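Before any comments, here is the structure.
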Amino acid sequence: MQQDYQPKDIEAAAQQHWEQAQAFRAKKDAGKPKYYCLSMFPYPSGKLHMGHVRNYTIGDVLARWHKMRGYNVLQPMGWDAFGLPAENAAIQNKVPPAAWTYDNIAYMKKQLKSLGFAIDWSRELATCKPDYYKWNQWLFLRMLEKGIAYKKTQVVNWDPVDQTVLANEQVIDGRGWRTGALVEKREIPGYYLGITQYAEELLADLDKLPGWPERVKTMQANWIGKSHGVRFAFTHDIKDSGALINDGRLWVYTTRADTIMGVTFVAVAAEHPLAAHAAKSNPQVAAFIEKCKHTSVMEADLATMEKEGVDTGLKVTHPLTGDQVPVWVGNYVLMSYGEGAVMAVPAHDERDFGFAKKYGLPIKQSVSMAGKTFSTDAWQEWYGDKEHGVCVNSDKYNGLNYEQAVGAIADHLKSMDLGDKQVQWRLRDWGVSRQRYWGCPIPIIHCDTCGSVPVPDQDLPVVLPEDCVPDGSGNPLHKREDFLNCTCPKCGKPAKRETDTMDTFVDSSWYYARYASGFKSDAMVDEDTNYWMPVDQYIGGIEHAILHLLYSRFWTKVMRTLGLVNYDEPFANLLTQGMVLNHIFSRRTDKGGIHYFAPDDVIVTRDEAGRIASARAVDGGAVDYQGIGTMSKSKLNGVDPQSLIEQYGADTARFFMMFASPPEQTLEWADSGVEGSHRFLKRLWAFGHALSAKSAGSMPGKLPNSLADIRREVHLTLKQANYDLGKQQFNTVASAGMKMLNALEKTLKDAEDGHAAVAHEGFSILLRLLSPICPHITHALWHELGYGGDILAAMWPEPLAAALEQDEIELVIQVNGKLRGSLRAPKDADKAALEQLALAHEAVQKQLAGGAAKKVIVVPGRLINVVL
RNA sequence: GCCGGGAUGGCGGAAUUGGUAGACGCGCCGGACUCAAAAUCCGGUGCUGGAGACAGUGUGAGGGUUCGAGUCCCUCUCCCGGCACCA
């Protein structure tokens, strides 16, 4: 055996052994329970970052642990290969996104292999390959047939200079990131997927997911956002070009129909027909609508921006009071949400209250609460409380509570054919059209005669040319005549292909099902998917808690509807990994964009509290400190694990990553503890080497106390580690390995009978316990020490009752809850005996000072609390 | 702004779910080995007071429940994730 720990050699040898043995090739096996362990596949951004190492080590620990416990394990890997960063790289380096992406995949695959993950590489896939995305297109066509996919207008960010659609990320303070031009909202046609058709099921089925974190289920439920309310209409006779606008109905939706008698105005979106009508004769309205074109489409911006509006001068009729109600245009009302119009009740809605105060609109109380006084001076929390109020100033509804009032009002509106109760969802349909090149083409052909025609199945896939180089101004597919020109499948006349591509969330919504099937060229999935699915353990970042996971659940339900799969939910158990964070530094460009700096390229100055006060780039110029955030390619704050792997080896990188913090917790990156992890593996290696010189001998029936203590420590630590593994708390499992080695090292100084037996028993436990976290070193040591066969095939260790036994236990003595001492007692001592022992204890006697105890609380096996 | 989560020594974190706060590791201090250094090994290390035994104090802030609170309840602060075109 080698004297020194040489991770490079050990790891290369172990990886070669696994490769030759095809140790991780997954096959169906009826004799074992299956375990499909899946980590979210990476976007091939260039290099792995620490978040990847964390994610995939967690997955690998779970996969290997289950394998050793007798499961038939599948752990695949692939590439989420379409996306915006490849186009950005193309703009910067003039390299086609495809070439850039394939290079990145090759490099990152090498990195993943060097980390020794137990992956079945025979199932590798990349979403940018036609044999994969063909099935995006195929399923999209099925959705069109079923009416799940449909076309309507969507609002996008438009850069007027580059003449291109911008992603939200490319809009910085309302301006285009490259041009600095003021971004406009623009309405263009696009395809939508009817996820709302599945809203009820997506909500209800959260109850079928006991293996998901509560926080994720709560977030999804809130996102889907089922609400009960009333949809109703104000009436009017406003005409445009001689015709009544919207048949004389202004529809709104409210969850607070009980406050309908407090309506003092109505607010409509800038794009609403009434607003457009008013703008024709009112320059103020026209100017305001123009201004609204530049408001953000992002909800976060919308919610925090100053609420502004303008009076259209138009009036509509309140359906219950008959009052004339003014119509305002509000920048906070979105045409794409609900009806594009809302009723405003300043007295009972905080936003409306602020708006009314700002513009001097009337505030009319219509709900009161016992013991509370209403005043229009300032908003009070109770104004918006629907649970405890009753209607006032509300005519025949006076005295009714929320539920009664909503019922009566809805009935009344229904009788007039002007409204009814309605269930409303916060969830919106999924807009999948992207005006970008590097994505899956939407399989549609535009014909002057026939309109939008689906590409026939036999013509799939619509293959994306891989040699385009985007330059930032529009979709390069527009210039590709060979792609663009085609014939209409219906009439045979010349036609044009759709150039929009699909949202990359489509690609990632079903890759897990593809891994699990035989990669057939004539079917999206095959029967194998029903063997492996659902994924038994899905692992990925908490940032995907809503969108990716919800889209995948939806996609699965569509596949089930189409009879492609027999399961409802894709992921049985979910582990949401905490983000790996790092400092973010940036500088504004002269165009108003943001240029990021890697933390390594920045010199920081800290204040007394140790916080970063200012920062300077290595070029000397000042940079802004943006705080800490997720490691990401775009922010340049990712840490490449490569130097870590090269310097210390994969096992150290893996061990440190697991040891640093529990998997679900956010982790601020710092490599200051890596040395310690490496030191531990060196000690492990040295101990194995020292131990290999000793033969185990047989375990004596009765061990001397010193050895019995060591053995108990090992088994007790194992018991705790197994418990922690069940909780998926790997940092304490790593600690347990350290504790075991600390205990076992004592046996080397012991010459008593049985010391080698205790050491070998303990070491074989330790190696198996550590093998999921650091598989290479444990593989080598297991082999060297001759514990039999391959450690992958070894049984997972369980603590022995005989090793845990002890006659006496230690109990803590408290006086008034404060720790005052401890005592040793027989393990089966009863409460009365323990109470007597405690009262006789000198520390208790001292506190009692001759007095008597008021009460004694005995917690068996733990403590005795004497209350004075 | 809304939804979800977090805060424990100088640092990462532990605490068997209401029962010894600080496991394990990093760092630091002291010692051994060495001509010296590195590596390695041994010991110490929440804070305050005390030579020490020990005492007081301590889990973001404030309040509460309890024999007992890091853990439960209320109020607040700061930080992180998501907010539908980053993935």
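Numbers restart at 1 for each chain; the letters A, B, ... are given by sequence-line order, proteins then strands. Every value quoted in this text rests on a predicted model; they were computed, and no experiment measured them.
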Q: Using a heavy-atom cut-off of under 4.0 Å over every strand shown, decide if A/V171 touches base, sugar-phosphate, or nothing.
A: nothing
Q: Among B/rG4, B/rU20, B/rC85, find the nucleotide with the atom closest to the side chain of A/R215.
A: B/rG4
Q.
Is the shortest side-chain heavy-atom distance between A/F680 and A/L770 below 4.5 Å?
A. yes
Q) Got a minute to check which stems RNA chain B is part of, using Watson-Crick or G-U wobble pairs under 3.5 Å, three or more consecutive? A) B:1-7 with B:77-83, B:10-12 with B:24-26, B:27-32 with B:40-45, B:46-49 with B:54-57, B:60-64 with B:72-76
(Q) If I take atom CG in residue A/N157 and atom P in nucleotide B/rA84, what distance separates them, rounded to the nearest angstrom? (A) 10 Å
Q: Provide, to the nearest angstrom, the distance between the CG atom belonging to A/N731 and the P atom belonging to B/rU16.
A: 13 Å
Q.
Given B/rC85, B/rG13, B/rG4, identify the nucleotide with an atom nearest to the side chain of A/M219.
A. B/rG4
Q: Write down the distance separating the C1' atoms in B/rU34 and B/rC54, rounded off to the nearest Å.
A: 41 Å
Q: Check if the side chain of A/N168 and the base of B/rC85 share a donor-acceptor pair of N or O atoms closer than 3.5 Å.
A: no
Q. Is there a donor N/O on one and an acceptor N/O on the other, under 3.5 Å, for the side chain of A/Q814 and the base of B/rC67?
A. no
Q. So, do A/F355 and A/Y332 have ring centers that fall under 6.0 Å from each other?
A. yes
Q: Check every atom of B/rA14, B/rC80, B/rG19 against the side chain of A/T666 and return the nucleotide holding the closest atom.
A: B/rC80
Q. B/rC3, B/rG12, B/rG81: which one has an atom nearest the side-chain heavy atoms of A/N222?
A. B/rC3
Q: Measure across A/S509 and A/Y551 and return the closest heavy-atom pair with its distance rounded to 0.1 Å.
A: OG-CB, 3.5 Å
**Q.** Torsion-based syn/anti label for B/rG49, 90° from 0 as limit
**A.** anti
(Q) Of the options B/rC24, B/rC67, B/rC26, whose atoms approach the side-chain atoms of A/K855 most closely? (A) B/rC67
Q. Across the strands shown, which category fits A/M298 at heavy-atom distances under 4.0 angstrom: base, sugar-phosphate, nothing?
A. sugar-phosphate
Q) Rounded to the Å, how far apart are A/I628 CD1 and B/rC11 P? A) 14 Å
